[in-house]
Amino acid sequence: MSDELWERCLSSLRDEFPAQQYNTWIRPLRLAQCQTDLLVLLAPNRFVKDWVSDKYLSHIRQAFSHLTGSISAEVMIEIAQSGSAQPLLRPSNPVASVPVAQTTDARSPAPVTPTVLSNDPVYVPAQEAHYSESLSTTSYDIPSVGSESASDMQAMPEPQLELEMLPAEDTRKRKPRKVDVEGGVKHQSNLNPAFTFQAFVQGKSNQLALAAAQQVADNPGGGYNPLFIYGGVGLGKTHLMHAVGCEMLRRNPNARILYLHSERFVADMVKALQLNAFNDFKRYYRSVDALLIDDIQFFAGKERSQEEFFHTFNALLEGGQQLILTSDRYPKEISGVEERLKSRFGWGLTVPIEPPELETRVAILMKKAQEARIQLPHDSAFFLAQKIRSNVRELEGALKRVIANAHFTGSTISTPFIKESLKDLLALQDKQVSIDNIQRVVAEYYKIKIADLLSKRRSRSVARPRQVAMSISKELTNHSLPEIGNAFGGRDHTTVLHACRKIKELRETDADISEDYKNLLRHLTA
Ligand SMILES: Nc1ncnc2c1ncn2[C@@H]1O[C@H](COP(=O)(O)OP(=O)(O)OP(=O)(O)O)[C@@H](O)[C@H]1O
């Protein structure tokens, strides 16, 4: 009965909050005690407990009181003792088919003794440098292995090669270290040392993601595993994930951190298959202290890679090693990725990053200028931040252009100088309204999250603003229907068409929608 009451309470909270908030904060709570006037819930850790107590407790109490009819109902949140709450952080029941990982102590480096026992081609793990000049590594032709089955893989001969994980202290230098050890074994973390917590400007839009990332750096492999950061292009997901890695390295220079783009993981796996070195590949990926994989939406449609990543994922979680993943959308919304993998993405903590608001954009510009040792007057930063609103990468790009121009001409930076330096960009910006901007303005107007606009939620409070935003995108941009559909969480062009027709009809019959539409157009084209 008490379970049933809590289920009903959950169901009412599910309707009240956006899916992302519900899934991140409320769903992980477990019922400890439920009486007419007392509800005791268990949070998986202190972070969740504090956050829920701060933001959601009154809502939970209200929903509970409503169901029980008790106006003095009390709701308490406690931290689950390990084992008492449903594990949010790692599977209680390890997947039986997972090959046993080479579990390592997350704090201590692996022995550094490379041994080459054969003349087989050497499997060289990811050498990606996300931010720097490309590295000269051996290149391999990549065969198609889409049809290779798991059983084929198991039948592969065991390659006689041991990979070495080198301590990663040198990766703190600007250029990632490429280590050639006798036997061709290489390891580098690929971390960008400029992407630190100190260099990350906090704002309302990224506060939660930053707090979660700092917690992970404080307690890697502990509290939030995996940490899943999602949000639009150029909003700081990669920066934050690197910041965790950099902080882990600062505290423990021997920590083995590996950052890579998901496409690199796929390419590496294919290369390992080609070289008959699949066991080395597995061992390599499973022997790190922290694995940071960017843009995991690129796993979509790559079944063999998903299969292997699934096993790597389980092995790392089992070994208490930290996983950090990023994506452009909420895990459940990634199409072309297996359900079992998507559900695992949500085991730890899933946090969004939203586009920064004006004040944060100004603060980011001031910070970047300070890093470049450039005097940027506050009013100029304000002007630029007002003009470039889509994402931080574009904002940073514009500032770099201004700085370069100032260097060339020996000028000091001022608002007129910025106007002159970015004449073409600003003219384009004034003329063009991007879908990103439309989403941001519409979300602000209706007081919902951009993530809601991209989500699959169909409740009226989200679906109508989404249709308005699609219709405005059609009216104000040159994007095609499929492009617009794609920008709204990968929807079909017929959905966009339907939205445009519906809004056209509503503008004639519904005064509120008509007013909203006019206001939004005025705002976006002002
Ligand atoms: N809050 C912030 N403070 C300082 N710099 C930031 C912030 N957010 C983003 N940036 C900067 O913006 C640039 C783009 O960020 P980043 O590469 O992390 O974006 P992303 O979300 O990973 O984008 P993508 O999805 O395209 O990979 C980086 O140079 C990063 O340092």
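FYI, the numbering just counts along the sequence from 1. Order of listing sets the numbers, starting from 1, for every ligand and every atom in it.
- With hydrogens and angles left out, the side-chain atoms of D268 and Y284 include no donor and acceptor closer than 3.5 Å.
- Shown in contact with G232 at under 4.0 Å from a heavy atom are these atoms of ligand 1, numbered in order with element: 21 (O).
- Using a 30° and 60° split on the angle between ring planes, F278 and F281 fall in the parallel class, below 30°.
- Inspection of the E308 and T312 side chains reveals an N or O donor paired with an N or O acceptor under 3.5 Å.
- For the pair G203 and ligand 1, no heavy-atom separation below 4.0 Å is found.
- Between Y259 and D294 there is a side-chain heavy-atom pair separated by less than 4.5 Å.
- Of the N or O atoms in G234, one or more lie within a sub-3.5 Å distance of an N or O in ligand 1.
- Between E396 and ligand 1 there is a heavy-atom distance shorter than 4.0 Å.
- At a 3.5 angstrom cut-off on N or O pairs, V392 does not count as close to ligand 1.
- Note on ligand 1: D328 sits outside its first shell, no heavy atom being nearer than 4.0 Å.
- Residue contacts with ligand 1: K368 is included, with a non-hydrogen atom under 4.0 Å away.
- Within the set D295, V201, L240, the minimum heavy-atom distance to atom 1 (N) of ligand 1 is found for V201.
- Near A199, the atoms of ligand 1 lying under 4.0 angstrom from a non-hydrogen atom of the residue are 3 (N), 4 (C).
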